[in-house]
Amino acid sequence: MERRPYLVNRAFRSFLISTIMSTMAVSFGSMLGSIVVGNVLGSESLGAVNVMMPVIQLLAATNALINIGGATVMAVNTGRGREFEAKGIFTRCMMMSLVASLAIAIIGVVFIDPIIDGLCSTESLRPLAREYGILVFATSPFYILMPGLGTFVRTDNDTRLATFSFAIANVVNIVLAYVLMAYTDMGLAGFAVSTMTGYIVGMVVLAFHFRRDNISIGIGKGTVGNGEILTMGSPAALAMMLILVNMLGMNLLVMNHMGSDGMVIRSVCLNIQMLSSIFVSGISQTLQPVGGTLYGSVDLSGMRMVTKIAARYQVAASGTIMVLALLVPVLFLTVYGVTDPAIVPTAEHCIRLFAPFLIFQAVNYMVMIMFQVFGHRPISIAISFMECFFVLIYGIVLAPMDIDLLWLSFFFGEATVSVVILAMSLVIRRVRPEYEGFALLRRPTGAVFEASIPGDRSSMTEVLDGMEGFMCSNGMDDDSSKARLCCEEILLNMTEHSLNMDPERFVDVFARVTDDGVLVTIRDDGPIFDPIKHESKGIGLQIVTNVCSSFNYARSVNQNTVFLTFSKS
């Protein structure tokens, strides 16, 4: 008997494309829009767009604080069999998003001039930055509400619709941006209008989710408070806010030491980083609902599996972009319209110095999310601060010595963070032996049984025998045969109706000893199948409901999950 990684892989992959597209709703739209800006309006306008990137980062951080935090809380509650909390969490998050985004919009529009003064120290860029910035602030509610709504739709098992909504939003954004900037006199205002229009179209698409049956999100109340949501979202949001601080600080350093040409190079480097961040954030945000569900179930093996999967994807994606930046930096310069022979040689050199930063930043960010999801929020917050200030400190100290060292400070800062994280993990594991692995996963306090059964039931008898023996060895001799009967009934139904007896698919059986008895979790990746409703009058369900002390169903990370609790006699 063994636990297969099949279901964890399926859950991760089913969310990955959607979460990457969600990240694209903010990052990719700005990145591709910058390509249009650089080629249509010129390098000065490209630099002006980069001046406003800290504000875009502020909006992304607000979304992370409220909506990514809320969706993770929703996933953890679902993993614990508390799916009824979903509507209350969703309602709170949408209300908080609306209030926060309106406040940002009003403050930004009213105080646009001092804000631009703080963001930009190059006089030639200020008029263009102000033109673009005032519309970014005015339309900021869409930057938060659309990605936030998409995050909840995705977490509510509608990954296809979420993916499509983000794709269509970006298509509308880029096409309209080109039309407005190339064929009208709107300039950067056209870029801002096209972004807003793309978000509106995306929200209209997402609204179709609420026409489906069996959805979890909607208007409602629950017991989860604002504090729990914001606490869960705070590490990722803080990381983004500190990236904002880092972005602003490094922008000012580049402007002060290299002027407007340096800001053009910085714009290209930042867009390379944004390309990497699409995958970095997408993979990390996939880890949140999938890892949150496994953490809620106290599934240590599942948590190990998902961290390994996330790490492989993260290194592959960021490593590929890093290699491209090292080998063909001129490709990125050409794409963004930077072709001036006076700038290109210096820009290629600076991009190569910047490139190694990408892989260290990707790994550090993913580790920060791991610590957040798996219950180590103070460490997660510490990583956020280190990522921001180590890079800035290196930049401030080294830039006056040599301009090359300014670009290398990105790499030096992130590499230092990686060393500190590794040392911290080793020390904690030595002091606290209940934690294991680099991600400091906590071992369950009670005994655990886990196995996977093929959809054709070929090993079902062996697994049921093993689970019955597990219960007997943990003080439930009198109830083990009844528990076996209940689990067999559920497994027969799930393999027949959800998996259609497919031998290539698997059902996971996970049992854990608690203070009161044994909690059994049975999970498959078939279409929605609630055995409680399916056999509302069947003898099998009556046996299960009479024997179990609790019997619940949840649809989480696109998988069916049945929770059975057997109390000690």
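The shown structure was predicted, so the numbers you read here are calculated from the model rather than taken from an experiment.
Taking CZ of F90 as the start and CE of M74 as the end, the distance is 9.0 Å to the nearest 0.5 Å.
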Table please: side-chain donor-acceptor pairs of residues 389-397 below 3.5 Å, with sequence neighbours left out.
residue	atom	partner	partner atom	Å
Y394	OH	T416	OG1	2.9

Side-chain polar contacts of residues 100-120 - donor-acceptor pairs under 3.5 angstrom, sequence neighbours left out - could you list them?
residue	atom	partner	partner atom	Å
S101	OG	S97	O	2.9
S101	OG	L98	O	3.0
D113	OD1	R130	NE	2.6

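Take Y313 and apply the side chain to side chain donor-acceptor pair (under 3.5 Å) test, not counting sequence neighbours, and it matches R13. Listed by chain and number, the residues in a side chain to side chain contact (heavy atoms under 4.5 Å, CB included) with A61 are M240, M241 (sequence neighbours excluded). Listed by chain and number, the residues in a side chain to side chain donor-acceptor pair (under 3.5 Å) with E348 amount to none (sequence neighbours excluded). With sequence neighbours left out, R429 forms a side chain to side chain donor-acceptor pair (under 3.5 Å) with S425. Remark: E436 pairs with L300, R304, L441, R443 by the side chain to side chain contact (heavy atoms under 4.5 Å, CB included) rule, at least two apart or across chains. In terms of the side chain to side chain donor-acceptor pair (under 3.5 Å) criterion, R352 has no residue partners (sequence neighbours excluded). Every residue two or more places apart in sequence or in another chain was checked for a salt bridge (charged side-chain N to carboxylate O under 4.0 Å, His left out) with R312, and none qualifies. Looking at residues two or more places apart in sequence or on another chain, you find a side chain to side chain contact (heavy atoms under 4.5 Å, CB included) between I343 and D261, I265, V338, D340, A347.
Sorted by first and then second residue, the side chain to side chain donor-acceptor pair (under 3.5 Å) pairs with a member in residues 354-369 read N364-E414, N364-S418; sequence neighbours excluded. Pairs passing the side chain to side chain donor-acceptor pair (under 3.5 Å) check and including a residue from residues 315-335, sequence neighbours excluded, do not occur.
Checked by atom type, the side-chain pair N173/S194 shows a donor-acceptor distance below 3.5 Å.
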